[in-house]
Every structure is written in C-alpha cells, then in structure tokens.
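In what follows, residues are counted from 1 in the order of the sequence shown. The figures here come from the full heavy-atom set of this structure, side chains too, leaving out hydrogens, waters and symmetry mates. When a ligand or atom number is given, it counts from 1 through the structure's own listing order.
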Amino acid sequence: MAFPDQRPRRLRRTPALRRLVAETRVTVDDLVAPLFVKEGITDPEPVPSMPGVLQHTQASLREEVRALAGLGIPAVILFGVPAAKDPRGSAADAPDGVLQVALRNLRDDHGDDLVVMADTCLDEYTDHGHCGIVDATGAIDNDATLDRYGAIAVAQAGAGAQVVAPSGMMDGQVAAIRGALDDAGHTGVPVLAYSAKYASALYGPFRDAAECAPAFGDRRAYQMDPPNAREALEEVGLDLAEGADMVMVKPALAYLDVINSVRSAVDVPIGAYHVSGEYAMVLAAAERGWIDGHAVMREHLASIKRAGADFILTYYARALAEQLA
Ligand code: PBG
C-alpha cells in the first residue's frame, strides 16, 4: 500500500512553496557589521585569521561603512585599536581617541540613517589586555573598572555613538553606564548589554584583529563558564534590572539553547554575536574545499535567528547583504 503524501512534505515540493512557508528569514535588517579601526596606520591591514576582515584606517572605515549602508545594513559596531596602551586604557575615553574620531566621522556621514554602536570595554586599550583595571594581585578591580566604563560610554555617546555595548562582564556595568550617560544628558542612548558572554575559545581571531589577547591569565573569572545555561538567565535578569535596553548572547552557535531560553524569558530585543572563531572556521574549511562556505554561513545565520535572536552581529554581514541585494 502506498503511504499517502503528508502535509509537511507536500509543502516542500518546490522552491516557491518552501519560500512561502519558511518560518525563519534572515534579512538585511537583521545584520550588524562589526568593524575594526586602528590608529596610526596609513593603509588598511588584513586580519590573517579572518579573511575579508580588515583593520581599517579612518578613511577606509568611512568607505566601508558607506558600502554597508548602501547595501541596506542598518547597524555597525565599532572596535578601536589605539596606537598606545596603558594600564588604565586611557585612549578608550580620550576625546581624540581612535574610536571617538571614528564615531564622529560616521555620524557626520550618516546622521541618524545608520545605527552606529560602540563596543564599550577596556581590553583593546589596556597594555595587559584585560577588560578592566587590574589590582596588585592580578585580579580585576570591579568597581574601579565601572568608573572607567562610565567615562568611556559618555565619551562614546558624546562622539555620536547611538548605542553603547558593554562587553566586559563586570558586575554593575549596566547600572554604572546608564547612570553616567543620564548624568551627562545622554538619556536617549540605549545600552546593548553583552549579558551572557561566555569565556569562549572562539574569540582567538578577534584578539588578532583587536590586538587584545590578555598578557597573562585568561578571562574566566569574569566571562561566563560554557557549561552554564541557567546562569545566563540570571545575568540577563540582572542587566535588565540595571536598565539594559537590549541583551546579547555570545558566541551564538554553541549557545543556541541559551538564545532560545533567553527568548522565552524576556521580551526585549536579543542580539546574538556570531563571533570571529565561528566565522573563521567556516572560511577555513571552505578554503580547503571541504564545505560550501556560503551555504554553511546562511544555514548558521538562519539557525541563530530560528533560536530566537532579533539581530545578529556577524563578520559575514556584507557578504550576505550582497547576496540578498
Ligand atoms: C571584548 C570583546 C571580545 C569580543 C568582542 N568584544 C573579545 C574577548 O572577550 O576576549 C570577541 C568577538 C569575536 O570573537 O568576534 N571587548
């Protein structure tokens, strides 16, 4: 006896049917492009572990962002690489610091037509590469770090950042930044909290791009432990209580369960960071001809959206936008 056709399969028969009934769509509106801008270079420098990603000059950054905006990408997030680093990360909130210059340029170029986000952290600016102020024992001084984060967020907002995104996983960072922004009159600048940021082995290529590998130790005492999922909800709850406007899960693919449970628990927008290692792995395998890199990227980004993310920070943003155009 022939088994009768069943509905799900009948609806898979043609590309048009599949398109019609797709539950998840990744569109250009979902994309945030992470970009690096470096002080003191005259030409953009490729990042070897991230094919297609550059450390930009101020000029090449402006050009790249013009192209991204032209493709309809709604947002970028900027990371600064300063020429000089010190223990307190002074360049992070200097008015003429590399990121502040970039923010002013992009704000001049795009006004309110583009969401320009700033990563608010210290590791790119400290000589020891940690995300905070280090005390005499080598531990992070949480409260001294909060003062720095507040000052950095104010400098970034003053330079034109439309969203600040604290990524250091310090306790109280969202409250400290919200308070500092409000005191400085930046009440309309939202905080995108990297709430569930794991101490992941997938950040290696980023640390090449941002030149921020820790000089000693690791980040396990402040970033989350990969086995923990319930704890992510606690971190998200704390950040929302402190005034976060949006929350983030990072990395994305190894933490789809976390994205999904955060989605069930809260109604604020959720960002997912498809991080450097996730990007590099796909390109490395594709380069060897072992996988179809573009197809895998699209599948990965769809899975991140399907898990519940509202937007995705991804180094693949430009390539996907070009395919969707
Ligand atoms: C820290 C920061 C990191 C990333 C974004 N912000 C690195 C880290 O925590 O070591 C990683 C992003 C990526 O891997 O793409 N400011």
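- Scanning the protein for heavy atoms near atom 2 (C) of ligand 1, the closest one is Lys197 NZ, 3.1 Å.
- The shortest separation from a heavy atom of Glu278 to ligand 1 is not under 4.0 Å, leaving the residue out of contact.
- Cation-pi geometry between Lys197 and Tyr203 is satisfied (NZ or CZ under 6.0 Å from the ring centre, within 45° of the ring normal).
- Heavy atoms only, all atoms of each residue included: Val28 and Pro74 are closest at O-CD, 3.2 Å.
- With a 4.0 Å heavy-atom cut-off, ligand 1 is reached by the side chain of Tyr315 but not by its N, CA, C or O.
- Looking at Ser60 and Thr57, their side chains do bring a donor and an acceptor atom within 3.5 Å of each other.
- Interface of Asp119 with ligand 1, defined as ligand atoms under 4.0 Å from a residue heavy atom, comprises 6 (N), 16 (N).
- For atom 14 (O) of ligand 1, the closest non-hydrogen atom of the protein is Ser276 OG, 2.7 Å.
- Only side-chain heavy atoms of Asp123 come within less than 4.0 Å of ligand 1; its backbone N, CA, C and O stay farther off.
- In terms of protein heavy-atom proximity, atom 4 (C) of ligand 1 is closest to Lys250 NZ, 2.6 Å.
- Among Tyr279, Phe36, Tyr273, Tyr315, the one residue that satisfies the ring-ring contact (aromatic ring centres under 6.0 Å, His included) test with Phe206 is Phe36.
- Here Cys121 has side-chain heavy atoms under 4.0 Å from ligand 1, and that is the only part of it that gets that close.
- Distances shorter than 4.0 angstrom occur between a heavy atom of Phe79 and an atom of ligand 1.
- Around atom CZ of Arg10, more than 12 heavy atoms belonging to other residues, nucleotides or ligands sit under 6.0 Å away.
- Taking a cut-off of under 4.0 Å to the non-hydrogen atoms of Gln223, the atoms of ligand 1 that pass are 8 (C), 9 (O).
- We find the CG-CD1 distance between Asp43 and Ile41 to be 8.0 Å, quoted to the nearest 0.5 Å.
- The shell of residues lying under 4.0 angstrom from ligand 1, judged by heavy atoms, excludes His274.
- Side-chain polar atoms of Thr27 and Arg25 form no donor-acceptor pair below 3.5 angstrom.
- Side-chain atoms of Gln223 and Tyr194 form no donor-acceptor pair, as typed in the model, at a separation below 3.5 Å.
- Counting the atoms of ligand 1 from 1 in the order shown, those under 4.0 Å from a heavy atom of Tyr273 are 12 (C), 15 (O).
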